[in-house]
Amino acid sequence: MPGQFRRRLVSRIMTAATVLAAVLAVVPLLLIFGDLVAKGVSSVNWDFFVNSPAAPGEPGGGVANAIVGTLIIVGLGALAGLPVGIGAGIYLAEYGTNRFSWIVRFVADVLNGTPSIVVGIFAWTWMVKPMGHFSALAGGVALALLMIPMVTRTTEEMVRLVPHSLTEAALALGYSRWRTSLGIAVRTAWPGIMTGALVAVARIAGETAPLLFTALGNLNFRLDILQPMQTLSLQIYVYATGPFEEWHRLAWGAALVLMALVLVFGLAARYATRARFSHGR
Amino acid sequence: MASLPGPERATSLSGRNTGDRVYRGALTLLALTLPAALIAILGGLLWNAWPSVRTFGLEFLFRSTWDPVAEVYGAAPMILGTVISSLLALLIAVPLALGVAIFLTEFSPGWLRKPVASLVELLAAIPSVVYGLWGVFVLIPLLRSHVVPPLRAALGWLPFFEGVFYGNSMLAAGIILSIMILPYISSVSREVLLAVPPAQREAALALGATRWEAVWSAVLPYGHLGIIGAVVLGLGRALGETMAVTMLIGNRHEISASLLQPGYTMAAAIANEFAEATTQLHLAALFEIGLVLFGVTVTVNAAARLLVWRVARGSAVGSRAL
């Protein structure tokens, strides 16, 4: 039957089209990773890790200041953001049936979709402006605000997955309610919560926009969190848009290091913490 | 919001003794941080944008001059540029993302599912600034040598492909955006398609439909709201994306129909000019752009969530990017 043949042909063609789409989606990833390695590896050597940037246009120099700065600012963000996000998530899971919880949940999703540049403006308004100068601390606050909604939602999901029979058993044994929540529900969900936290850390480690006018960047090695500080992402931005060949070379090296850092957090999230519940899909 | 099965914890855990009350109070305070942050963001934006709102009124949105010397500001080129670059990104990303989602849920052999899904989601893990770097040094030269010449030869008579191509352009920004939002659209659509009951496609197949006909006539119609939600979510990402766009779009305050010409977006304008704004009015104008951007993304995201919630569970979409 010719109609039958045509229908089969259409089905074949469309199946092939979806295969093509999958291939086309993976190609940019391979290209980007390939270029990162090809162009980045040559700049990564010992000097690259231990030196701070050379004077503009001069050869040599490294990103030691940016690596340390990234770790400090991301650390500040995690220090401020994780307790809040985890706490709010536990609240939503344990008491999350009232109207206030509905609002918190909705706000978490709204904040999750807020452009990171707007979060940068927020940190500038409430940190940089009152303090009168740019600082790593303000950058950390911006990153914390980016983390909180992500961590809140994953924590809620993880605590909710804890079987009721476990918490009920604890209550039946005479545990007080807060000890049941903290000692049974949260503790059982902990690996999952940590996975969510590490994913959030991986995401903020690569952020640039919220740091542009908070941490600002710094060409020197600085550890004072009340002063401007460099991060890998800021350094890549400055070097990539700058005029010098040497800078472009360093930008690729810094990008490779940043990508590796993000992937390490991501892989840690996936493998190191053994989640006790499968994700149900 | 998945409803809790069985007895609600809210009643079983609301405490009577001191420890329980302290615990609940502390958690409530932490949860309160989120609405407080939203109010602080909105309040800060409104307060700082006020001089500009008062001076320019609604005209701010429609004027295309941006002159820090004469202190006249209008956001039309940025608003239009944001919309055009995002739509261009959707135009490229949506068919690809849907193709990926359909492939992964309907056609892929089992062993290929996980690796392909992970690879596509890995796109979401690449930092924006790295996309920008790659765009500047790889994508733009590629466009210049291999894409734009044939494009102009074929479609040069259209106003969208007029003028000299220098590299930094709406086209470059749109393409990089499409790569960046693809993982979000495909992973949400995939979740939506997975939520379609198997009976739906089995019924179509039993009636003699080919595999594609089952997808097209039974699966996609069932999940269409969720898929629209996924696309709107991708749009929300594209609208607010900053670094890669700033590095590729050319940052010019002009409106041009040609995709080969430089443009500007709201996020890029803030990123570029915020630290250098000298007068109070300049800063206020940038704050007003931030306010518009915030308003638009909140609306778009809220719409997307409502659409996706109808079909798939209300999970925190995008937070599982890795």
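At a 4.5 Å heavy-atom cutoff, the contact between B/T242 and chain A is made by side-chain atoms alone. Interface residue A/L29: backbone and side-chain heavy atoms are both found under 4.5 Å from chain B. Looking at A/F106, only its side chain comes within 4.5 Å of chain B, counting heavy atoms on both sides. Only the side chain of A/L212 comes within contact range of chain B, judged by heavy atoms closer than 4.5 Å. Neither the backbone nor the side chain of B/S108 comes within contact range of chain A; no heavy atom of the residue lies under 4.5 Å from a heavy atom of that chain. Only the side chain of A/W124 comes within contact range of chain B, judged by heavy atoms closer than 4.5 Å. Looking at B/I175, there are no atoms closer than 4.5 Å to chain A (heavy atoms on both sides), in backbone or side chain. Heavy-atom distances place both the backbone and the side chain of B/I270 under 4.5 Å from chain A. Heavy atoms of B/L45 lying under 4.5 Å from chain A belong exclusively to its side chain. Residue contact with chain B, scored on non-hydrogen atoms closer than 4.5 Å, involves the side chain of A/T241 exclusively. For B/T33, the part sitting under 4.5 Å from any heavy atom of chain A is the side chain, from C-beta outward, and nothing else. Only the side chain of A/T152 comes within less than 4.5 Å of a heavy atom of chain B; its backbone N, CA, C and O stay farther away. Heavy atoms of A/L111 lying under 4.5 Å from chain B belong exclusively to its side chain. There is no contact between B/N168 and chain A, counting heavy-atom distances below 4.5 Å. With a 4.5 angstrom heavy-atom cutoff, B/L34 touches chain A via backbone and side-chain atoms both.
For the set B/L29, B/I126, B/N48, the count of heavy-atom pairs under 4.5 angstrom toward chain A peaks at B/I126. Heavy-atom pairs under 4.5 Å with chain B were tallied for A/V119, A/V118, A/L30; the largest tally goes to A/V118. Note on A/F134, A/F213, A/Y239, A/F122: by heavy-atom pairs under 4.5 Å with chain B, the leading option is A/F213. Most heavy-atom pairs under 4.5 Å with chain B, from the set A/A17, A/G87, A/S233: that is A/G87. Chain A forms more heavy-atom pairs under 4.5 Å with one residue of B/A275, B/A271, B/G236, B/G290 than with any other, namely B/A271. Chosen from B/L133, B/L96, B/V130, B/V22, the residue pairing most often with chain A at heavy-atom distances under 4.5 Å is B/L133. Heavy-atom pairs under 4.5 Å with chain B were tallied for A/E207, A/H248, A/R8; the largest tally goes to A/H248. Ranking B/V215, B/L293, B/V116 against chain A, the residue ahead of the rest is B/L293, based on heavy-atom pairs under 4.5 Å. Chosen from A/D35, A/L31, A/V26, the residue pairing most often with chain B at heavy-atom distances under 4.5 Å is A/D35. Of the residues considered (A/V151, A/L234, A/T114, A/I86), A/T114 shows the highest number of contacts with chain B, using heavy-atom pairs under 4.5 Å. For the options B/L182, B/V138, B/V298, heavy-atom pairs under 4.5 Å to chain A are most numerous at B/V138. With chain A as partner, the option from B/L123, B/L32, B/L291, B/L139 having the largest number of non-hydrogen pairs under 4.5 angstrom is B/L123.
Looking at A/R7, its side chain never comes within 3.5 Å of a backbone N or O of B/E213 through a donor-acceptor pair. Side chain of A/S116 to main chain of A/A209: no donor-acceptor pair is present (N/O by atom type, distance under 3.5 Å, no hydrogens or angles). Using a distance-only test at 3.5 Å, with no hydrogens or angles considered, a donor-acceptor pair links the side chain of A/T15 to the main chain of A/S11. A side-chain donor-acceptor contact under 3.5 Å links B/R211 to the backbone of B/E106.
Taking the side chain as every heavy atom from C-beta outward, A/T155 and A/I90 approach each other to under 4.5 Å.
Below 30°, between 30° and 60°, or above 60°: for A/Y91 and A/Y95 the angle between ring planes is between 30° and 60°, a tilted geometry. In this pair, B/F274 and B/F287 present their aromatic rings perpendicular. The plane angle is above 60°, beyond the 30 to 60° band.
For the side chain to side chain contact (heavy atoms under 4.5 Å, CB included) test with B/R190, the passing option among B/I102, B/L104, B/V100, B/I185 is B/L104; the others fail.
Residues A/E156 and A/R153 are paired through a salt bridge, judged by an N-O separation under 4.0 Å between the basic side chain and the carboxylate.
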